[in-house]
Every structure is written in C-alpha cells, then in structure tokens.
Amino acid sequence: MSKVVVITSGKGGVGKTTTSANIATGIAQQGKKTVAIDFDVGLRNLDLVMGCERRVVYDFVNVIRNEAKLQQALIRDKRVENLYILPASQTRDKDALDPEGVGRIIEELKQMGFEYIICDSPAGIEKGAQMAMYFADEAIVVTNPEVSSVRDSDRVLGLLAAKTSRAELGGPAIRTHLLLTRYSPLMVKRGEMLSVGDVLELLGIPLLGVIPESKAVLQSSNKGSPAILDETTDVAQAYLDVVFRYLGQERQHRFIEEEKRSIFGRLFG
Amino acid sequence: MSSPPAVALPLSGAAASGSEASARTSRRQAFDLKGTMASLTVLRLRSTDLALVERQLRVKIAQLPHLFLDAPVLVDLGALGDDAAALAFGELVRALRSCKLVPIAVANVPDGLRGPVTDAGLGVWQPPALGRARGAGDAEPADAASTGPLSAQTGATETPATETPATETPGPEVLRAGASAPAGPSAGAPSVRAPHAGPMVINKPVRGGQIVYAKNNDLVVLAPVNSGAQVIADGHVHIYAPLRGRAVAGAQGLAGARIFCQKLEAELVAISGAYIMAEEIPAQFHGRAVQIFLEGGECRIAAL
C-alpha cells in the first residue's frame, strides 16, 4: 500500500521543503521505499536541500511530457537507502503540470513499489500547490506560530477538503496533520508568539509535532544534508519524533516548553 | 381566476437577470408570464378598529422606515375570522396608503368583501392562501404588521439563477443549500409556503476563503467559522462554536433574521444589509455567547 503525502502550507518560507526533505529521509531510514517529489516547478529547491542538485539530468516535467522515463529522472539518495528524489524543472513554469500527467506519474511510482510518495508543495494556492495536493491521501500542514501563517494554513485546509481528488470523487476525507515549525518557547512565554494551544484552537487538526527554531536548519540546508541526519541537534530529534509518530509510534511532544535553565540563567537572563 | 396568478414581483438583480437570459425564444414574445418567489410584507389584521391599526402602523413604520415606506403589502384577513365581513375595506386601503404602504392584494377574503377588494384595485389572493395553521388564536405578539417571508411560489417553475462567484483557480469554495429546483405547485395541495426543508447543517470547520450559503433557509454551523470565511443565510445563522469570520443573516432582506454564536470573534456581522465591523463590536461582547438582531434598522448585539 502506498501513501501519497502532501507537505503544504499556503505561506512561503515556513519550512515545507525542509520538512519534506527531513520526513522523506526519516521514513526511508526506517526501511520504507520513499520518494520526494518537488512540485515547485520553476523554483526548484528540494534537490539543493537534499544535496543532489548536481545529479539532476531529467526532471518531473520531462517525465510528464514523455521526454524522459520516470527511472531516468528519479535520483537515488547516496546516504540513505530506499530514498529517491524527483526534482522539479528549473526552466518551466507551473502550467507544465496537469492532473493527467501528475496522476500518471504517481500511479507509476505506486507500481514501482514506493510506500511513501512525499509531495513538496510550492507556496501559494495556485496551480502548483493544487497539483501537489490533488492526489494526496494525507497532508502535513506546516505552520509557523504567527497569525498570517495560521490563516494561510486554514485556507489550505479548506482547499484540501474541497479541491482534491478525494473531495471531488467523494472518497474519505484527507487525513490532515499539523506540524508547527520555527517554534520558540521563550517567545511564546513573552507573549510574542502564538502558542501551540493557540494554533491548535484556530486550526482544529491533530498535532504531529513541534520543530524548534534553530540555526541547524539553515546550516543543513546550505550543506545539502537534511538536519535529521545529524542526530545531535534538537531539530533532528524533533523530526525523528515526527517520523516515528507519523509511522504510528507514541512519542511525547517535546520542544514545547522552555528548557530548564540554570540558577544563573534565571538570575541573569 | 383559475389561471396561475401572474405575480411577477421584481427580485433583486441576480434572479431577475437570470430569468431574462433564459427567456430567449426563437419567436419574439412580447412578454414572459412566470411565477416567482418573493419576500413580501404581510399585514395580518387582528383588529377591525382601523384607527388603532393606523396608529400602531405609524409607530412601526417610524421605527423601520426603510423597510416599510412604499413597500408592497399583502393584507391577510385570515386572523379576523368572522369579523372580516364587517371590515370597512375602503377605509383600510386609505389608511394603508396614507401610511405610504402599497397594498397589492388581499388574502383570506370573505365572499362579502370580494366586491370592495376588487373595487379598490387590489388582487384577491386565491386559495394558495396564507397558512391557515398560523391563523387566529396563535400566541404571536399582537403586532399590527408581521413581516415574514411569504414564499409566494406560483405558476411556472423558474429556478432563480444563483450567481456563482467567478472560479479563478483558487476561487472560493461555495456550498449551497436549499431550493435548487422548485418542483412547481403540486397538484394535490398547493401551498404558498415552500415546504420546510430543515436548516442547512455544517459540521466541519468553515475555513478561510470558504463561503457557505443557505439559500431560503437557516444555517446551523457546529464547528468554528474561521477568519476569512463567510457564512450566509437568508434566514437565521446559528454557530455553536467560535465565529471568527463573517456572518450574514437575512441576506435577502429578512429583517427578523438573527445571528446566534457561542463565541463572538467576528470580522463582520450583518443582518438584512446593516452590519457591524470587528472594531465596532463593544469589548464586553468579545469572546462571549451572543445574538445579533436588527433594531431600529441597526445591528444590535446582546449577550445570550
């Protein structure tokens, strides 16, 4: 059984691509054959974040247009077994995506035995984002703890309930998960950031995890190596929790409370 | 007068233009004869004391001038019972006109009054009469005028064209309820009231960008109405959850429509064209369970 999972948000810059890279890597590490598809045609990034940009020969659009075979476009990750990337085209725009072509490729990936098909959505709610969500069975909605991001996520949740294959064909509703990223307990405490509870109350979907704000994300993006591969960072720990939780294990939520500080920290902080 | 009464009351833009568009035929016709659904003010008389009626009417009109001035009115004599025969009908019409109302027809006309009614130039509203069930003796407040939606469905079936917002790629997802196809008067028991279909019930969150419209109906929402969402009903709007977006009741002008919500955090609430913006909502109602209704032509908020 394969699952098509869209990583989406509406708003840009909240961490969709980072999340796609880390979750795909984490799931593949658990022995599941996984592919991450970059739907951000024209602004491709996933290949950079996953460190395979120099190995892109053919892309998603080439396959849709029958200019290349799917096997030729798929890039096998060098670090993690079972992990593949289908990069976006840098030269086309999102009009190159159409439901027939996307549907055909997703079907083909299922036939090839991929268990998890992770669709990295572009920002916005236009064609690229709609194509990324159209065939989804599940959605991970990436949200930052601030009002505009929450509002955009709400809008996207509405689209997931209305403008997807499941909605149009009357299938069961898409399962939605909330992933709160760039979270800073300290700022929440100071009242400068929405809390987990605030966001959950506004969006009303189950919480998959909280990823703390961290420099490690930027560093790993620049290195082209998903943060989850360096288990010493809190971001890696948080994404590992998310992956295990997503695969059905119980994990306590972490990174929601401020870390315990020393007596000096409290005195001089 | 057995043919269907041709009460073609002009409706608001969308419906009217829709029927015109669909009326084009190969042969040029001088007119279209069709039935329509319209909201009408019904004046249900409870007294034959015309001085009293006129006095109360003037008070009522002073309160809501925009609703009643020059408004077409259907006079219902059903609640008068046998007293109706003794009514000085010419005097009544004069009183109504002096109050700047425009009587157009009379329902539940006793035989003895048919002459005076037609002499006054008014129509006799034929059997599909005003609901007998609501006749004399019910426990309504004794207002001289009771405004209510009189769903006057007559004659031909013409589905009012519902305007669909232009669906650009990410366009608003519109859910609609209610009378999509009026089935025409049933042969057996024609009735002016459209059969009650029950309110439209929504049990999932209404998210930003979504519009829910309960046409000719009440709307019940059992989940949050989020910021950027709109819930609209021609009748009442009930929200058993936080209202963070916009809510519109009485969208086609029903002044008695109300909005009820469990937690008021709205961006805008409107009833029959009058509205309150978020910043005009008094702080004491913020986050509270409230109802919103029209009073003196303005939206009022009251705690529940």
Side-chain angles (χ1 to χ4, degrees), chain A residues 8-12 39 93-99 121-134 139 141 143 146-164 166-168 170 172-176 178 194 197-206, chain B residues 162 164-177 180 200-214 219-232 239-248 261-268 277-279 286-289:
Chain A
T8 183
S9 72
K11 194 170 163 61
F39 274 80
D93 62 33
K94 279 149 187 104
D95 290 334
L97 301 176
D98 60 82
S121 171
I125 50 175
E126 279 74 32
K127 189 159 189 188
Q130 292 196 11
M131 284 298 109
M133 72 172 64
Y134 191 77
V141 178
T143 306
E146 48 104 17
V147 180
S148 62
S149 174
V150 172
R151 177 176 290 200
D152 289 0
S153 294
D154 189 58
R155 179 87 167 90
V156 161
L157 283 165
L159 292 174
L160 284 165
K163 298 220 162 181
T164 52
R166 284 201 177 194
E168 287 173 7
I174 291 179
R175 246 180 93 196
T176 52
L178 176 66
L194 294 178
D198 294 336
V199 180
L200 284 174
E201 197 198 325
L202 287 165
L203 293 180
I205 58 170
Chain B
T162 45
T164 314
T167 37
E168 278 302 297
T169 324
E173 307 81 54
V174 183
L175 304 167
R176 283 175 190 283
S180 54
M200 182 185 193
V201 179
I202 301 288
N203 51 21
K204 286 186 292 190
V206 187
R207 309 238 176 227
Q210 292 183 317
I211 299 171
V212 177
Y213 177 29
L219 176 61
V220 177
V221 186
L222 298 166
V225 175
N226 279 349
S227 176
Q230 286 190 49
V231 290
I232 306 167
I239 302 160
Y240 297 98
L243 167 60
R244 305 182 181 116
R246 300 175 164 215
V248 178
C261 82
Q262 210 166 53
K263 196 174 179 199
L264 180 68
E265 298 172 12
E267 292 166 343
L268 177 144
M277 304 284 296
E279 53 210 34
H286 196 84
R288 297 281 306 279

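To find a chain, count down the sequence lines: A is the first, B the second, and so on, and within it residues start at 1.
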Kindly compute the distance separating [atom1] ([X]) from [atom2] ([Y]), expressed to the nearest 0.5 Å.
X        : Y        : atom1 : atom2 : result
A:Leu203 : B:Asn226 : CG    : CG    : 7.0 Å
A:Leu159 : B:Gln210 : CG    : CD    : 8.0 Å
A:Glu201 : B:Arg244 : CD    : CZ    : 5.5 Å

Chain B contact via A:Ile205 - side chain, backbone, both or neither, heavy atoms under 4.5 Å: side chain

Atom CZ of B:Arg288: over 12 foreign heavy atoms under 6.0 Å: no

Test item: A:Asp154 side-chain N/O and B:Arg207 main-chain N/O as donor-acceptor pair under 3.5 Å: no

